[in-house]
Every structure is written in structure tokens, then in C-alpha cells.
Amino acid sequence: MPEGPEIRRAADRLAEAVAGRPLVRAWFAFPALKHHEAGLVGRRIESITPRGKALLTRFDHGWTLYSHNQLYGTWKIAAAGERPATTRSLRVALDTADRSILLYSASDVSMWPSSTVDSHPFLAALGPDVLEPGLDAREVESRLGSPRFRGRALGSLLLDQRFLAGMGNYLRSEVLFDAGLHPARRPRDLDDGERGRLAGSLLAIPRLSYHTRGIAPADRMRDDYLGDAADAFRFQVFGREGQPCPACGSAIARIDAASRRLYLCPRCQPADRAAAAPR
DNA sequence: CTTTAAACCTGCTGGC
DNA sequence: TGCCAGCAGGTTTAAA
């Protein structure tokens with residue numbers, strides 16, 4: 001159950017475990033992918049890289065595995081040939097001589113010629129990856145001001161993968177809190193300072209989550225959980241309904257936005273300037 | 001156009 | 001223990 005930072009960390013771990021090594025076996029649960037198994041033996045994994053919340057596993061014979069974990073998929077690394085006992089359904093197994101990588105529960109998996117994988121319907125529509133190192137505030141502000149996005153409510157825009165790929169539901173709450181903006185605000189109604197703050201938060205919060213890992217200890221969401229490291233990422237508002245805002249002490253509220261739960265501080269993120277005149 | 005609601009994928013937890 | 005309802009960090013599709 002991942003967002004961009006969790007997917008990128010998974011890609012890092014998987015690549016470290018198996019990239020460059022030849023496969024001794026490949027296995028897919030999907031009937032449509034069975035015919036790829038034999039051809040993968042002896043091939044090497046060139047790279048494993050994220051695109052938003054999708055993962056691309058590139059092989060050296062010109063094919064790329066596309067996978068999307070949606071809510072429930074998860075990758076595991078195991079000793080070579082090992083299949084740890086679990087209640088989850090194994091969907092993909094790639095074995096090298098000393099390590100195996102296993103994908104469980106995901107249903108959105110397909111093989112593409114590497115040269116055409118970018119035309120995958122999901123990938124083709126994605127905006128820039130919010131965690132891409134080259135992404136800067138100037139580009140984020142430019143997207144906020146573009147006709148496609150400037151009229152959208154932030155609560156919906158921040159989940160739209162066409163705006164910034166890799167954003168997700170916990171990041172949405174955390175970014176809006178960090179920027180001090182209510183989800184009903186719209187880019188076109190923000191003043192320059194607010195727009196700059198939002199761009200800064202959109203860059204900083206996902207990076208903080210990616211680099212430090214970790215979540216609120218009481219929370220159940222523990223995919224790739226770092227633990228209690230002092231610098232681990234902690235939710236400021238997500239999942240903290242009724243608890244005091246870390247900035248002002250007001251009770252954090254939970255609302256519905258775009259049919260998903262969103263947490264905010266009513267005092268730090270006031271809605272009443274939603275209709276404020278431009279500039 | 002934007003927004004909302006429902007459906008679907010699957011796994012886990014809490015309650016009876 | 002067993003079953004079921006409800007919920008979940010996502011996405012797509014249809015409808016409003």
C-alpha cells in the first residue's frame with residue numbers, strides 16, 4: 001500500500017539485490033505472461049526504476065516488466081529460490097543465483113518491449129515524478145499556473161497523477177498542512193507567497209518521506225518502516241484526528257476530499273480565503 | 001470542464 | 001475459532 005516514496009525505496013532495495021545478475025528462473029502467476037518465462041532465463045535485470053507509483057523492471061533482451069502495486073501489492077526480497085510462507089498470493093518471482101525478488105498480491109502486471117513501454121496508458125498520462133531529482137520549484141510553480149491545473153481544488157489536484165506522479169493520500173494531507181493551505185483552495189487563487197510555499201512543500205515532504213522513512217508509531221501502515229530512528233518521517237496530521245496540531249495545538253480535523261480521507265488543522269489551513277481576489 | 005460515486009483489485013482488523 | 005462488515009497509502013469508469 002504505497003505512495004511514491006515507498007515505491008522508490010522498494011525500487012532501490014530490489015535493484016541493489018538483483019540488478020546486473022542473470023536470472024536462473026522467472027515465474028508469473030498470470031497466464032498471459034507465462035510465455036515470457038523461458039525467454040527470461042539467462043537474461044539480466046538492467047534496472048529497476050519507479051515512475052510515479054509504477055515500477056519498471058528492465059531486462060537485457062529488450063523487454064520491460066511493468067507493475068503497479070495499487071493498494072495491496074508488495075515486493076519482497078528472499079534468498080535464492082526461497083518462497084516465504086505467507087497468506088498473500090505470489091504473482092511474480094524472479095530468481096537469480098543468490099537472491100530472488102517476489103511480487104505479491106499485485107494484479108496490474110504486464111510485459112512490454114522496452115522501446116514502447118512509455119506508451120503504457122498509465123505511464124503516458126503521468127506528470128513528472130514528484131521525487132525526480134531534477135524537479136525544481138520553478139517547474140512545480142509553472143505546472144500550478146498552467147491552464148490544465150490552475151482551476152482545480154488542491155485536494156483533488158494533489159492526488160492527480162497527471163499533475164505530479166507519485167503523490168498519494170498521506171502525502172496530500174502532509175503537503176497541504178506544511179504549506180498551510182486548505183484543500184478547497186485553487187492554484188489560481190493563491191498569492192505568490194502561497195504558491196511558492198506550496199511548491200516548496202510539494203518538493204520537500206515527499207523527499208523527506210523517501211529519505212528518512214518511518215511513520216507515526218501508532219499507525220498501522222508499516223510498509224518498509226524504518227522504525228524509531230530520530231529523524232524518521234512522522235505524520236503531522238494524517239491519521240491524527242482530534243489530536244493537537246503540532247504548530248498551534250488546535251484539534252486536527254478529518255474531512256472527505258475527493259472521496260478520500262484528508263486531515264488538516266482548521267486554524268493553520270483556513271478555508272475562508274478560498275474566494276480571495278487574485279493578487 | 002470538474003467533481004463525485006461506485007466498482008474493482010486484495011488483505012487485514014475488529015466485532016459479534 | 002469463524003464469519004462478516006468495514007476499511008485501506010490506488011486507479012478507472014460512469015454519471016452528475
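Throughout, a chain's letter reflects where its sequence line sits, starting with A, and its residues are numbered from 1. For clarity, every value in this text was computed on a predicted model and none was experimentally measured.
Counting to the nearest Å, the P atom of C:dT11 and the CG atom of A:L126 are 9 Å from each other. Rounded to a whole Å, the CG atom of A:D256 is 11 Å from the C1' atom of B:dT4. Remark: C1' of C:dG10 and CG of A:L123 are 15 Å apart, rounded to the nearest angstrom. Whole-Å rounding puts the A:L154 CG to B:dT3 C1' distance at 15 Å. In this structure, A:E241 places its CD atom 14 Å from C1' of C:dC7, rounding to the nearest Å. Put simply, CZ on A:R261 is 11 Å from P on C:dC7, counting in whole angstrom units. In this structure, CG of A:L262 is placed 12 Å from P of C:dG10, rounded to the nearest angstrom. Between the CG atom of A:D108 and the C1' atom of B:dA7 there is a distance of 15 Å, rounded to whole Å.
A close approach under 4.0 Å does occur between a side-chain nitrogen or oxygen of A:R91 and OP1 or OP2 of B:dT10. Remark: A:H68 is not in phosphate contact with C:dG10, judged by side-chain N or O atoms under 4.0 Å from OP1 or OP2. At the phosphate of B:dT3, OP1 or OP2 sits under 4.0 Å from a side-chain N or O atom of A:R186. Close to B:dT10, at under 4.0 Å from its OP1 or OP2, lies no side-chain N or O of A:R88. Between A:T87 and B:dG11 there is no side-chain polar atom (N or O) within less than 4.0 angstrom of OP1 or OP2. For C:dG10, neither phosphate oxygen OP1 nor OP2 lies less than 4.0 angstrom from any side-chain nitrogen or oxygen of A:Q161. Considering only side-chain N and O atoms, A:S107 lies nowhere under 4.0 angstrom from the phosphate OP1 or OP2 of B:dT10.
Put simply, the side chain of A:S107 reaches to within 4.5 Å of the side chain of A:Y72, judged on heavy atoms. Looking at heavy atoms from C-beta onward, A:Y104 lies in side-chain contact with A:K76 at the 4.5 angstrom threshold.
Side-chain atoms of A:R99 do not come within 3.5 Å of backbone N or O of A:I77 as any donor-acceptor pair. At distances below 3.5 Å, at least one donor-acceptor pair connects side-chain atoms of A:S146 with backbone N or O atoms of A:R143.
By the 4.0 Å N-to-carboxylate-O rule, A:E194 lies close enough to A:R185 to be salt-bridged with it.
Contacts of A:A153 with the nucleic acid, taken as non-hydrogen atoms under 4.0 Å apart, involve only primed sugar atoms and P, OP1 or OP2. Residue-level contact check: A:S259 touches the bases, meaning some heavy atom is under 4.0 Å from a base atom. Counting any heavy atom pair closer than 4.0 Å across all strands shown, A:R148 reaches sugar-phosphate atoms only and no base atom.
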Steps toward side chain to side chain contact (heavy atoms under 4.5 Å, CB included) verdict (A:F28, A:L65): CA-CA 11 Å; A:F28 298 105; A:L65 179 72; 3.8 Å; yes

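Among the nucleotides C:dG10, B:dT3, B:dT10, the one closest to the side chain of A:L71 is C:dG10. Distances were taken from every side-chain heavy atom of A:F122 (C-beta onward) to each of C:dT11, B:dT10, C:dA8; the shortest belongs to C:dT11. Candidate nucleotides C:dT11, B:dT10, B:dT3 were compared by shortest atom distance to the side chain of A:K53, and C:dT11 ranks first.
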